[in-house]
Amino acid sequence: QVQLQESGGGLVQAGDSLRLSCVASGRSFYQYGMGWFRQAPGKEREFVAAISWNGGTTSYADSVKGRFTISRDNAKNLVYLQMNNLKPEDTAVYSCAAVGGGLGGRFAHEYEYWGQGTKVTVSS
């Protein structure tokens with residue numbers, strides 16, 4: 001079993017950067033694909049980015065491609081989401097998720113474990 005805890009959210013202005021972190025408890029973190037999802041007020045949860053167990057494969061939502069970067073440090077049980085050039089439409093609660101088998105997918109139902117989320121607010 002894996003427990004996930006996000007951090008790094010906050011209030012920023014448009015154009016600023018933030019780095020979100022997600023630390024996983026438990027062993028064998030390297031076996032899990034990881035993803036970031038977000039949910040804005042009044043909207044459904046949406047895929048942001050995903051990364052495979054070894055970091056060799058990544059995928060991004062079109063809305064964040066070129067601005068956000070997902071990465072991981074298996075030695076520290078950490079996955080990151082570097083967010084640059086933030087826009088007001090990026091305002092949401094961001095959650096990380098884990099799926100066994102090593103591949104992070106684009107669909108929430110694929111993931112087994114979820115963190116509580118960290119709030120990101122981008123002012124214009």
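What's counted below: heavy atoms across the whole structure, side chains too, no hydrogens, waters or symmetry copies.
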Straight-line distance of Asn85 CG to Arg67 CZ, nearest 0.5 Å: 6.0 Å
Using the ring pair (Phe, Tyr, Trp, His ring centres under 6.0 Å) criterion, which residues pair with Phe37? Sequence neighbours excluded. Phe47, Tyr111, Trp114
Run the side chain to side chain contact (heavy atoms under 4.5 Å, CB included) check on Ser17 and Met83 step by step: do they pass? CA-CA 5 Å; Ser17 297; Met83 306 186 295; over 6 Å; no
So does Gln3 have more than 12 non-hydrogen atoms from other groups sitting under 6.0 Å from CD? no
Walk me through whether Cys96 and Leu4 qualify under side chain to side chain contact (heavy atoms under 4.5 Å, CB included). CA-CA 7 Å; Cys96 65; Leu4 304 172; 3.7 Å; yes
Would you say the side chain of Thr69 lies within less than 4.5 Å of the side chain of Tyr80, judging by non-hydrogen atoms? no
Quick one: are Glu112 and Gln1 in side-chain contact, heavy atoms under 4.5 Å? no
Would you indicate whether the side-chain heavy atoms of Thr118 and Val93 approach each other to under 4.5 Å? no
Can you give me the closest heavy-atom contact between Ser124 and Ala14, atom names plus distance? CA-CB, 4.4 Å
Beyond-backbone contact of Val122 with Asp16, side-chain heavy atoms, under 4.5 angstrom: no
Where do Trp36 and Ser21 come nearest, in terms of heavy atoms and distance? CH2-O, 3.8 Å
Carboxylate-amine/guanidinium proximity below 4.0 Å for Asp62 and Lys65: yes
Aromatic ring pairing Phe68/Tyr94, orientation class (parallel under 30°, perpendicular over 60°, tilted between): tilted
How many angstroms lie between atom CG of Leu81 and atom CE of Met34, to the nearest 0.5 angstrom? 11.5 Å
Are Arg38 and Asp90 close enough, and set up right, to give a side chain to side chain contact (heavy atoms under 4.5 Å, CB included), and what steps lead you there? CA-CA 9 Å; Arg38 67 186 182 186; Asp90 294 319; 2.9 Å; yes
Side chain proximity check, Val12 to Thr121, heavy atoms < 4.5 angstrom: no
Would you check if Ser95 and Glu6 make a side-chain contact, meaning some heavy-atom pair closer than 4.5 Å? yes
Over 12 foreign heavy atoms within 6.0 Å of CD, Gln116: no
Residues at least two apart in sequence or cross-chain that pass salt bridge (charged side-chain N to carboxylate O under 4.0 Å, His left out) with Arg19, listed by chain then number, are none
Is the closest side-chain heavy-atom distance between Gln39 and Glu46 below 4.5 Å? no
Side-chain contact test, heavy atoms from C-beta onward, threshold under 4.5 Å: evaluate it for Tyr30 versus Asn77 and give yes or no. no
Between Asn74 and Trp53 (side chain of the first, backbone of the second, donor and acceptor by atom type, cut-off under 3.5 Å), is there such a pair? yes
Could you report the tightest heavy-atom contact between Arg106 and Ser59, atom names first, then the distance? NH1-CB, 3.6 Å
Dump the intermediate steps for side chain to side chain contact (heavy atoms under 4.5 Å, CB included) on Val120 and Leu20, then the final yes or no. CA-CA 9 Å; Val120 173; Leu20 305 184; 4.0 Å; yes
Using atom types as modelled and distance alone, determine if a side-chain donor or acceptor of Tyr60 lies under 3.5 Å from a backbone N or O of Ile70. yes
Hey, does the Lys NZ or Arg CZ of Arg72 hover above the aromatic six-ring of Tyr32, less than 6.0 Å from the centre and inside 45° of the axis? no
